[in-house]
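Throughout, protein chains are lettered first and strands after them, A, B, ... in sequence-line order, and every chain is numbered starting at 1.
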Amino acid sequence: MLVIGRKKGESLLIGEDIEITIIKIENGSVKISISAPKEVRILRKELYKEITDENQRAMVFDSATLEKLKK
Amino acid sequence: MELVTKYHGVIEYRNEDVIVFKKGLPGFKELKNYIIFPLESNDAFSILHSVEDIEVGLVLVSPFTISGDYEFKIPDTYIKELEIANSEDVLVLTTVTLNSNVENITTNLKAPIIINIKEKLGEQLILDNDKYKIKESLFKGKNN
């Protein structure tokens, strides 16, 4: 785990193909520019977590409800 | 081959039926091998079941049965990773979150599961836009 400080306008290079730049810092929020190959998926973490949670919920199997649905 | 599942009994399958999710699924990243079978109690639904974990079986539905205009673009990187050569080989299913109150049953239109039935490859695609919801009502507006 690397923790690094950056000011507006500064960048980070990750691996061979990824560059992250701090575009703007304002009102407790940071605007970040990410340059990466198409194959690299970039997602807001909370969205990924929501999908993970929903997948977990999809495991719940309730045959009584499903029987009801047949009508 | 036989898969003894925790909630769905014993399922017979052939090795050729196994669908490989090279990246696993969000929440199940280590589980890469799955089979899919219709639900005995209601064949409008299917189960995507891990052959590596007896508890992991996700309830799925075809999203087009509830949303006639459900539409999204499969990004080129997914077309490549899933080795999709023909649109006819593509199966799209969405997870279902059940509820004893039928009106509260939802499906996740925001993260469809894309399967290449010919090459037996699959991946879950997360649509990062506001068009579809993670909890989309399955029976919205239907009064029974």
Side-chain angles (χ1 to χ4, degrees), chain A residues 1-4 6-71, chain B residues 5-8 23-29 39-45 47-50 53 55-61 75-78 80-81 93-102 104-108 110-113 123-129 133-136 138-139 142 144:
Chain A
M1 167 76 90
L2 176 66
V3 179
I4 212 172
R6 300 273 68 195
K7 297 195 184 64
K8 175 177 155 183
E10 291 180 334
S11 299
L12 286 169
L13 295 174
I14 299 178
E16 302 303 311
D17 309 311
I18 301 172
E19 179 169 350
I20 300 186
T21 306
I22 311 298
I23 302 285
K24 186 157 105 170
I25 305 173
E26 190 178 77
N27 298 331
S29 158
V30 183
K31 192 174 216 161
I32 303 171
S33 138
I34 305 167
S35 168
K38 278 191 312 192
E39 310 81 66
V40 177
R41 254 161 293 286
I42 303 171
L43 280 177
R44 287 169 294 126
K45 185 172 179 182
E46 61 277 14
L47 175 58
Y48 186 83
K49 171 120 202 327
E50 279 180 63
I51 304 293
T52 294
D53 291 347
E54 201 66 20
N55 281 351
Q56 295 275 350
R57 290 188 195 104
M59 281 205 312
V60 174
F61 176 57
D62 176 2
S63 56
T65 299
L66 286 166
E67 293 270 358
K68 253 198 280 180
L69 288 178
K70 273 219 262 219
K71 301 184 188 110
Chain B
T5 71
K6 189 161 181 190
Y7 306 108
H8 303 280
K23 305 195 173 159
L25 287 169
F28 308 104
K29 277 175 88 162
L39 247 187
E40 237 185 83
S41 45
N42 189 331
D43 64 10
F45 298 89
I47 302 287
L48 181 73
H49 208 291
S50 167
D53 187 324
E55 289 192 22
V56 178
L58 306 191
V59 181
L60 302 181
V61 76
D76 291 338
T77 50
Y78 285 78
K80 229 168 93 178
E81 282 162 5
L93 295 167
T94 50
T95 66
V96 176
T97 299
L98 295 174
N99 194 296
S100 48
N101 184 344
V102 168
N104 292 337
I105 296 179
T106 62
T107 188
N108 184 352
K110 206 175 179 73
I113 291 178
E123 197 166 346
Q124 187 164 25
L125 167 61
I126 299 177
L127 303 171
D128 198 355
N129 59 45
K133 298 195 283 230
I134 293 175
K135 289 185 185 291
E136 201 79 54
L138 254 192
F139 301 103
K142 292 203 186 142
N144 256 335

Practice problem: Just jot down the side chain to side chain contact (heavy atoms under 4.5 Å, CB included) partners of B:N129, sequence neighbours excluded, or say none. | Solution: B:L127, B:K131
Please state whether the side chain, the backbone, both or neither of [X] comes within less than 4.5 Å of a heavy atom of chain A.
X	value
B:F45	side chain
B:K6	neither
B:N101	neither
B:V96	backbone
B:E81	side chain
B:T107	neither
B:I113	neither
B:L60	neither
B:H49	neither

Self-check item: Taking every non-hydrogen atom, the tightest pair across A:T65 and B:I105
Solution: CG2-CD1, 3.6 Å
Quiz item: Among B:T106, B:D128, B:T95, which has the most heavy-atom pairs under 4.5 Å with chain A?
Solution: B:D128
Quiz item: Is there any residue in residues 6-42 of chain A with a non-hydrogen atom under 4.5 Å from a non-hydrogen atom of chain B, and which ones are they?
Solution: A:K38, A:E39, A:R41
Self-check item: Residues from residues 43-59 of chain A approaching chain B under 4.5 Å (heavy atoms)
Solution: A:L43, A:R44, A:L47, A:Y48, A:E50, A:I51, A:T52, A:E54, A:N55, A:Q56, A:R57, A:A58, A:M59
Practice problem: For B:D53, check side-chain hydrogen bond (donor to acceptor under 3.5 Å, both in side chains) against everything at least two apart and list the hits. | Solution: none
